[in-house]
Undergrad: 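The structure's right below; bear with me while I get my questions together.
Heads up: numbering here begins at 1 and tracks the sequence.
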Amino acid sequence: MGLGVWALVLWPSLLTASTMLGCRDDGSFSRSTSISQEKLLERVIHHAELIYRVSEESCTLFEEMFIPFPMHLQTNQAAYTCITKTLPIPSSRSEIQQISDKWLLHSVLMLVQSWIEPLINLQTTLDRYDNAPEMLINKTKWVSEKLISLEQGVMVLIKKMLEEGMLTTDYNDEDVFQHGAQPEMMDSVMRDYNLLSCFTKDAHKMEAFLKLLKYRQTDKYNCA
């Protein structure tokens, strides 16, 4: 199932998801939807905060373990493009302020879903590293698992907040995942580092968008 076709496909899955963010241990959908919208948003935000923090720690650990100091300056070169660059995600302050609450949520959902598969693939890649510390492997695995939970939480939040219909997009995930031939080892390491670095930046965006949504919901009239 393509990650880009997210709006039309997601709504049926809202009825069958078994492990919802903020639910009790039994993962009951009815229990998830019974909590208030405000409390659910708070739990989703807390989840996003943890994901960002752990991803930042993972990125720092990866850099310390595998990136030679002389190459630190190369990690931001244009040759390593973030996989979500083609997504219709607002970036400037003015764009973010102008978009609706609906688009804030869908922007978070697009980012979350676009990263699920790459992070799963990263787990496989890290397992092939000779000296990958267990802490790094565990942290990236935790982030990968919690990202799926965040996806489910955002989906429930959308169901609660957006009763007026679905939102579709022409976004094509084939433009995002571009895996070519096997590169040289150092290039492979730099690519993995860039992927982790880009995810950390996007995780920060997810957190910021959700906090902005909470601010709007709390003070709709005084938030410019």
Undergrad: Of L109, L111, V44, I116, which is the lone residue that meets side-chain contact (heavy atoms from CB on, under 4.5 Å) with L150?
TA: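 Answer after filtering L109, L111, V44, I116: V44.
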Undergrad: Tell me whether Q123 at atom CD has more than 12 heavy atoms from other residues, nucleotides or ligands lying less than 6.0 Å away.
TA: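 Enclosed: over 12 neighbouring heavy atoms sit under 6.0 Å from CD of Q123.
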Undergrad: Do any pairs count as a salt bridge (charged side-chain N to carboxylate O under 4.0 Å, His left out) and have a residue in residues 47-59, sequence neighbours left out, and if so which ones?
TA: E49-K211, E57-K139
Undergrad: For the residue pair D192 and T125, confirm or rule out a side-chain donor-acceptor distance under 3.5 Å.
TA: no
Undergrad: Would you compute the distance between atom SG of C59 and atom NZ of K201 and round it to the nearest 0.5 angstrom?
TA: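 The NZ atom of K201 is 8.5 Å from SG of C59, to the nearest 0.5 Å.
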Undergrad: side-chain contact (heavy atoms from CB on, under 4.5 Å) with S94: which residues, sequence neighbours excluded?
TA: S92, Q98
Undergrad: Going by the rule side-chain contact (heavy atoms from CB on, under 4.5 Å), which residues pair with S100 if we only count those two or more places apart in sequence or in a different chain?
TA: K102, W103
Undergrad: How would you list, by chain and number, every residue that makes a side-chain hydrogen bond (donor to acceptor under 3.5 Å, both in side chains) with S58, sequence neighbours excluded?
TA: none
Undergrad: Under the ring pair (Phe, Tyr, Trp, His ring centres under 6.0 Å) rule, collect the residues that match up with Y52, sequence neighbours excluded.
TA: H204
Undergrad: Can you list everything that forms a side-chain hydrogen bond (donor to acceptor under 3.5 Å, both in side chains) with E145? Sequence neighbours excluded, please.
TA: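 So E145 forms no side-chain hydrogen bond (donor to acceptor under 3.5 Å, both in side chains) with any residue.
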Undergrad: Does S197 use its side chain to pair, donor to acceptor, with the backbone of Y193 at less than 3.5 Å?
TA: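 Side chain of S197 to backbone of Y193: no pair is present.
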Undergrad: Counting only N and O atoms by type, is there a donor-acceptor contact under 3.5 Å from the side chain of Q113 to the main-chain atoms of E151?
TA: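 It does not hold such a pair.
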Undergrad: Using the salt bridge (charged side-chain N to carboxylate O under 4.0 Å, His left out) criterion, which residues pair with K141? Sequence neighbours excluded.
TA: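 Counting only residues at least two positions away or on another chain, K141 forms no salt bridge (charged side-chain N to carboxylate O under 4.0 Å, His left out).
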